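Everything on this sheet refers to the single structure shown next.
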Amino acid sequence: MAPRTLAGRIASSFVAAVAIGGALHGCATAPSDAEVNAKAATMLKASFKARGQAGLDRLDQDETQKLCSEYANRPLPASVAQKIEQANLASIRYPADGKLVGDWKNGEKIAQEGRGKQFSDDPNGVVGANCYACHQLTPGELSYGTIGPSLHRFGKLRGFTDETRKYAWGKVYNADAYAACSNMPRFGHNAILTEQQIRDVVALLVDPASPVNQ
């Protein structure tokens with residue numbers, strides 16, 4: 001989630017298209033990545049309008065997203081991955097009251113909810129995590145994605161400890177702290193979920209009574 005911004009993905013596609021076009025037509029020199037990225041960003045910012053829950057901030061890349069875009073089509077060097085993970089680990093903010101776990105029943109609703117951050121969504125409406133799009137969680141759910149690992153029995157396998165709860169919070173808050181250029185959204189870092197919503201999702205993962213741990 002960090003997933004690259006729309007600008008980054010389109011810019012990467014432009015670079016590939018220009019390179020192919022140059023090879024096919026015998027062009028002398030293709031534009032540099034920086035030139036293509038700048039043109040793509042200018043075009044997008046001129047074309048996109050803020051609407052619903054989708055603001056123009058989605059077109060701006062932070063340092064993590066820029067690096068992940070830069071290495072989108074080639075191996076990520078270990079030194080760059082370490083830089084990304086360290087920066088994002090430092091960005092994680094834990095609740096001031098120290099409470100990491102909320103209500104797993106609300107966490108299940110958030111995991112099932114796919115609305116949020118789209119131009120068609122009410123600015124004051126619900127935002128979900130859409131966890132089942134990428135993960136298996138509860139054994140009773142028949143439809144789930146496999147982009148991410150199965151989270152069934154997450155707490156039971158790792159132990160119902162403070163360390164597990166802290167890790168779960170950090171992973172939901174900012175997945176790039178643990179896996180550079182993760183496909184998982186940075187739910188807390190990018191203010192997709194509220195602090196209470198993160199507590200509830202963490203509860204879904206670590207509460208012994210949660211269906212995830214049955």
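Keep in mind the model is a prediction, meaning the values are calculated, not measured.
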Exercise for the section: Output every pair passing salt bridge (charged side-chain N to carboxylate O under 4.0 Å, His left out) with a member in residues 73-82, not counting sequence neighbours, ordered by first then second residue. Expected result: Glu70-Arg74
Exercise for the section: Could I get the full list of salt bridge (Lys or Arg N to Asp or Glu O under 4.0 Å) partners for Lys45, not counting sequence neighbours? Expected result: Asp60
Problem - Results of side-chain hydrogen bond (donor to acceptor under 3.5 Å, both in side chains) for Ser210 - residues two or more places apart only - result: none
Handout entry: Any pair counted as side chain to side chain donor-acceptor pair (under 3.5 Å), so long as it reaches residues 92-106, sequence neighbours left out
Key = Asp97-Arg199
Practice task
Please name all residues satisfying side chain to side chain contact (heavy atoms under 4.5 Å, CB included) with Pro77, sequence neighbours left out, ordered by chain then number.
Solution key: Tyr71, Ser79, Val80
Exercise for the section: Please name all residues satisfying side chain to side chain contact (heavy atoms under 4.5 Å, CB included) with Ala129, sequence neighbours left out, ordered by chain then number. Expected result: Ile110, Cys131, Phe187, Leu193
Exercise for the section: Using side-chain hydrogen bond (donor to acceptor under 3.5 Å, both in side chains) as the criterion, list what pairs up with Asp162, not counting sequence neighbours. Expected result: Arg165
Exercise for the section: May I ask you to check whether over 12 heavy atoms, not counting those of Phe160, lie within 6.0 Å of atom CZ? Expected result: yes
Handout entry: Exercise: do Asn174 and Ser91 side chains pair donor with acceptor under 3.5 Å
Key = yes
Practice task
Could you note down all residue pairs passing side chain to side chain donor-acceptor pair (under 3.5 Å) where residues 137-152 supplies at least one of them, sequence neighbours left out?
Solution key: Gln112-Glu141, Tyr132-Thr138, Gln136-Ser150
Completion exercise
Sorted by chain and residue number, the side-chain hydrogen bond (donor to acceptor under 3.5 Å, both in side chains) partners of Lys156 (sequence neighbours excluded) come out as none
Handout entry: salt bridge (charged side-chain N to carboxylate O under 4.0 Å, His left out) contacts touching residues 111-134 (sequence neighbours left out)
Key = Glu113-Arg115
Practice task
Could you list the residues that satisfy side chain to side chain contact (heavy atoms under 4.5 Å, CB included) with Gln86, not counting sequence neighbours?
Solution key: Gln82
Handout entry: Partners passing ring-ring contact (aromatic ring centres under 6.0 Å, His included) against Tyr178 (at least two apart in sequence or in another chain)
Key = Tyr167
